[in-house]
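No hydrogens, no waters, no symmetry mates; every other heavy atom, side chains included, goes into these values. In each ligand, atom 1 is the first atom listed, and ligand 1 is the first ligand listed.
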Amino acid sequence: MFLWGGRFKEKSDNTFLNFNRSLHFDYILVEQDILSLISWSKFLLSSKVINKFEQKSIEKCLNEIKENVKNNLNIILKSNCEDIHTWLESEIIRKIGNIGKKIRTGRSRNEQITTSLKMWCKHVINKLIKYIKNLQIKILTLSEKCINIVMPGYTHLQIAQPILFSHWCLSYYEMLHRDKIRLKHILQEIDFCPLGSGAISGVSYKINRKRLAKEIHFSDITKNSIDSVSDRDYVIEILSASSIGMMHLSRLSEDLIFFNSSETNFIELSDCITSGSSLMPQKKNPDVLELIRGKCGRVYGSLISILVTLKGIPMSYNKDMQEDKECLFDAINTWSNCINMMALVFKNISVNYKNCLRSVENSFANSTDLLDYLVSKGVSFKESHDIVGKIVLYAINKKKYLNQIKISVFKSYSDFFENDLYDYISIKNVLNRKNSFGGTSKKQVLHSIKTAKKKI
Ligand code: ARG
């Protein structure tokens, strides 16, 4: 069945019909399209286009279709209708005949598609928020478990200062928190219902758009019918949030790949989430993390795709916009899978505390603290920086770490050095002193965990 045809003399070319068709991907919107159609039927009743009996039959029929497709989406997929709106109308007409032919009164696919898509987006955003929350819980669980594990913190992938493993975990907790906030913000932006905008210029029937919007759980309505049918900002915003979210997961993957490498051996991933090599029997590869890192590029691609698609298209609806859906669906699917996969990874990490500690001990991660020591004795920061730099150079040449250098050597660089410096630069004290809010001291990290647990 077609929703058009009266003004055409010739039959459509099949190749064109296949090219034009969107049913094989927009079938996903069937439930949303049904709900908005039910609310439309109520409007048609209130404006006396259909009577009570007709409205009831339409609603009953739509609810039956909803149940049928729940169990078997193939009913839709085997049809060769142009899109989900066409399929739905043809199904109603097939089931209840002529009454079904009234359902399209005053309604255009231009507003239908964006209404259903917005409804679908709201639904998946809520799902995404739940997935992110679950990953955050897994991260918190590991942070609590590892509260006594010290590891090197890096900048430029060079050992910088000692941190708690839990503190590193919580840095990703924060990123994920922002991902959630971003999604919640989009939920507000999206919450304007376009229904009642017609094809471009509005609806000629007396219509209470606010009531219609409420029926399908929108809190407000769009303000301009032209903008209503042509706005896809929300698609861009979701893809942008997905891209940022995937970037976070990709960085997290990269960190974990590094921590899992034969060079650092800070963590080990369970057998159940790693894979082997077809040639090298000794290998246990973190494919899962590499895949998450790799899929980030795919989601970026979707964002760029929609931005380029929308650039320069004239007001208002143009068929170009049909290209918004496949990339959106794919990106949301990819992001959801990656969040859930990362949650599984966090359940299957064991941290090798000895290797983490050894790496801090065999490093100059406490150099800043040696500098702070001099500052505490009254030496200027600039001068202290210079002195400690020279001592580090000495230590490198002598193949020693700071705590292995004799006091007499320290004293040859500055008279302010005393025996208490060894205690001052011990890893335990270095960590405990980082007690500024959000710092790496055990007290601060425990506080962050407690606050996060309460909030979540
Ligand atoms: N399949 C279309 C889309 O995804 C629906 C709107 C079509 N409107 C039209 N006048 N052809 O955007």
Side-chain angles (χ1 to χ4, degrees), residues 1-8 11-37 39-40 69 73 76-77 79-92 103-124 190 192-204 216 222 224-239 302-303 305-333:
M1 190 192 96
F2 292 92
L3 298 186
W4 44 268
R7 64 98 63 222
F8 291 79
K11 239 180 114 230
S12 302
D13 188 299
N14 269 334
T15 318
F16 160 71
L17 289 179
N18 287 335
F19 186 68
N20 201 34
R21 187 171 295 123
S22 55
L23 185 65
H24 54 288
F25 53 85
D26 65 18
Y27 73 90
I28 282 185
L29 305 174
V30 64
E31 205 176 313
Q32 287 75 20
D33 231 46
I34 289 175
L35 292 178
S36 94
L37 208 46
S39 69
W40 191 255
V69 295
L73 278 168
I76 312 179
L77 289 171
S79 139
N80 61 1
C81 282
E82 184 181 327
D83 54 27
I84 189 61
H85 324 296
T86 314
W87 179 81
L88 206 48
E89 187 170 320
S90 74
E91 196 62 5
I92 303 168
I103 189 70
R104 207 192 321 152
T105 315
R107 200 167 141 92
S108 156
R109 282 182 293 169
N110 298 356
E111 57 173 354
Q112 269 176 267
I113 187 62
T114 185
T115 304
S116 295
L117 191 58
K118 277 188 165 184
M119 289 165 78
W120 183 85
C121 287
K122 287 190 343 174
H123 173 68
V124 292
I190 223 170
F192 295 85
C193 180
L195 213 51
S197 298
I200 169 170
S201 60
V203 174
S204 332
I216 45 176
T222 51
N224 177 301
S225 62
I226 306 172
D227 176 53
S228 300
V229 295
S230 77
D231 168 33
R232 292 294 183 276
D233 289 2
Y234 60 97
V235 177
I236 300 176
E237 284 184 54
I238 295 176
L239 285 173
S302 293
L303 172 64
S305 157
I306 186 68
L307 283 170
V308 178
T309 300
L310 291 175
K311 180 194 167 292
I313 57 177
M315 273 301 191
S316 58
Y317 178 83
N318 295 269
K319 193 74 173 217
D320 314 41
M321 289 172 179
Q322 182 164 291
E323 290 297 310
D324 60 357
K325 277 172 277 306
E326 281 165 295
C327 58
L328 177 70
F329 297 163
D330 183 72
I332 300 264
N333 196 25

Participant: For atom 12 (O) of ligand 1, find the nearest protein heavy atom and state the residue, atom name and distance (0.1 Å precision).
Facilitator: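 I find the closest protein heavy atom is Tyr317 OH, 2.5 Å.
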
Participant: Side chains of Lys325 and Leu29: closer than 4.5 Å at any heavy-atom pair?
Facilitator: yes

Participant: Any idea which atoms of ligand 1 are less than 4.0 Å away from a heavy-atom of Asn110?
Facilitator: 8 (N), 9 (C), 10 (N)

Participant: Would you say that Leu37 contacts Ile92 through its side chain, given a criterion of any heavy-atom pair below 4.5 Å between the two side chains?
Facilitator: yes

Participant: With respect to Glu82, determine whether any N or O atom, backbone or side chain, lies less than 3.5 Å from an N or O atom of ligand 1.
Facilitator: no

Participant: Under 4.0 Å from any heavy atom of Gln322, which atoms of ligand 1 are there?
Facilitator: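 Reading through ligand 1 atom by atom, the close ones are 1 (N), 2 (C), 3 (C), 4 (O), 12 (O).
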
Participant: Using a 4.0 Å heavy-atom cut-off, which part of Lys325 comes near ligand 1: side chain, backbone, both, or neither?
Facilitator: side chain

Participant: More than 12 non-hydrogen atoms from neighbouring residues, nucleotides or ligands closer than 6.0 Å to CD on Gln322, yes or no?
Facilitator: yes

Participant: Can Glu89 and Arg107 be counted as an ion pair, charged N to O under 4.0 angstrom?
Facilitator: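 Not counted as a salt bridge, because no side-chain N and carboxylate O are separated by less than 4.0 Å.
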
Participant: Could you list which atoms of ligand 1 come closer than 4.0 Å to a heavy atom of Ser22?
Facilitator: 1 (N)

Participant: Starting from atom 11 (N) of ligand 1, which protein heavy atom do you reach first, and at what distance in Å?
Facilitator: Arg109 NH2, 3.7 Å

Participant: So, Ser225 side chain and Ile200 main chain: donor-acceptor pair closer than 3.5 Å or not?
Facilitator: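 Answer holds: yes.
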
Participant: Under a 3.5 Å threshold, yes or no: a donor from one side chain and an acceptor from the other, between Thr86 and Asp83?
Facilitator: yes

